[in-house]
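Since the model is a prediction, treat every value here as computed from it, not as a measurement. Naming convention: chains lettered A, B, ... in sequence-line order (proteins, then strands); numbering from 1 in each chain.
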Amino acid sequence: DTGVSQDPRHKITKRGQNVTFRCDPISEHNRLYWYRQTLGQGPEFLTYFQNEAQLEKSRLLSDRFSAERPKGSFSTLEIQRTEQGDSAMYLCASEGEGVYGYTFGSGTRLTVV
Amino acid sequence: AQTVTQSQPEMSVQEAETVTLSCTYDTSESDYYLFWYKQPPSRQMILVIRQEAYKQQNATENRFSVNFQKAAKSFSLKISDSQLGDAAMYFCAYRSAIWTDKLIFGTGTRLQVFP
């Protein structure tokens with residue numbers, strides 16, 4: 001098992017374009033989380049899934065953001081009509097049964113120009 | 001709402017010495033978990049140590065240990081025998097044991113280790 005994978009590592013997009021990020025969790029992990037991290041700040045929660053069910057969404061997640069986890073495996077996070085304020089590192093993490101702490105991916109750095 | 005505060009934006013330590021990073025939190029819950037995560041310059045967050053609030057015994061993981069003071073809502077991380085590889089951002093995080101699985105992070109402390 002290679003851990004949590006995120007793709008792409010970096011994304012530069014023009015304002016107004018749509019972007020989609022992918023996260024592949026550790027295969028036996030049923031919970032998957034998305035966080036956003038801006039420079040000099042701690043990660044902020046966006047949303048999380050247990051299997052394919054989206055259990056919680058942050059108020060930070062405007063209607064331009066949508067996340068899916070079809071079949072309870074990989075997940076995608078889409079941002080529509082990107083704005084400069086969306087520039088950040090988007091982190092994915094997964095966790096198995098119990099509360100042992102997340103395993104994070106390396107993140108996708110989004111730059112909106 | 002729960003909050004996590006890390007009041008030390010930066011700390012430094014000499015190799016082989018001991019350093020303590022501070023964290024306080026605010027919650028009305030009695031059952032929760034606390035974590036310290038390390039984020040090296042490569043930016044992948046790594047779990048350092050975990051503490052369950054119902055356990056009085058402080059968690060330890062090799063050179064890393066915590067001082068958990070539940071009444072004071074304080075959760076500090078002690079790094080003993082500091083190594084150059086300990087240089088990173090360190091984040092304290094809170095997690096409810098009942099209502100949600102999400103983590104609430106502090107703003108982090110950047111640790112520098114000097115040879």
Report whether B/F105 and B/L34 are members of the same hydrophobic cluster (ILVMFWY, side-chain heavy atoms less than 4.5 Å apart, transitive linking).
no

What part of B/Q39 is in contact with chain A, defined as an atom under 4.5 angstrom from a non-hydrogen atom: side chain, backbone, both or neither?
side chain

Okay, B/R95 and chain A: the region with an atom under 4.5 Å from a heavy atom over there is side chain

Heavy-atom nearest pair, B/Q44 first then A/S106, reads OE1-OG, 3.5 Å

Grouping I, L, V, M, F, W and Y whenever their side-chain heavy atoms are under 4.5 Å apart, do B/F68 and B/F91 come out in a common cluster?
no

If you count the non-hydrogen atoms of other residues, nucleotides and ligands that lie under 6.0 Å from CZ in B/R50, is the total more than 12?
yes

Parallel under 30°, tilted from 30 to 60°, perpendicular over 60°: which one fits the rings of B/Y37 and A/F104?
perpendicular

Is the number of heavy atoms from other residues, nucleotides or ligands within 6.0 Å of NZ (B/K78) greater than 12?
no

For residues B/I79 and B/L47: do they belong to one hydrophobic cluster (side chain heavy atoms under 4.5 Å, members Ile, Leu, Val, Met, Phe, Trp, Tyr)?
no

Under 4.5 Å from any heavy atom of chain B - which part of A/E95:
side chain

Under a 4.5 Å heavy-atom cutoff, which of A/R31, A/R109, A/M89 has the most pairs with chain B?
A/R31

Counting only non-hydrogen atoms closer than 4.5 Å, can you tell me which residues of residues 33-59 of chain A sit against chain B?
A/Y33, A/Y35, A/Q37, A/G40, A/Q41, A/G42, A/P43, A/F45, A/Y48, A/Q50, A/E56

Under a 4.5 Å side-chain heavy-atom rule over Ile, Leu, Val, Met, Phe, Trp and Tyr, are B/L21 and B/F75 clustered together?
yes

Decide whether B/V48 and A/L91 are clustered together by the hydrophobic rule: side chain heavy atoms of Ile, Leu, Val, Met, Phe, Trp, Tyr closer than 4.5 Å, transitively.
no

If you count the non-hydrogen atoms of other residues, nucleotides and ligands that lie under 6.0 Å from CD in A/E68, is the total more than 12?
no

Proximity breakdown for B/L103 and chain A, heavy-atom pairs closer than 4.5 Å
both

Above 12 or not: heavy atoms from other molecules or residues under 6.0 Å from CZ of A/R15?
no

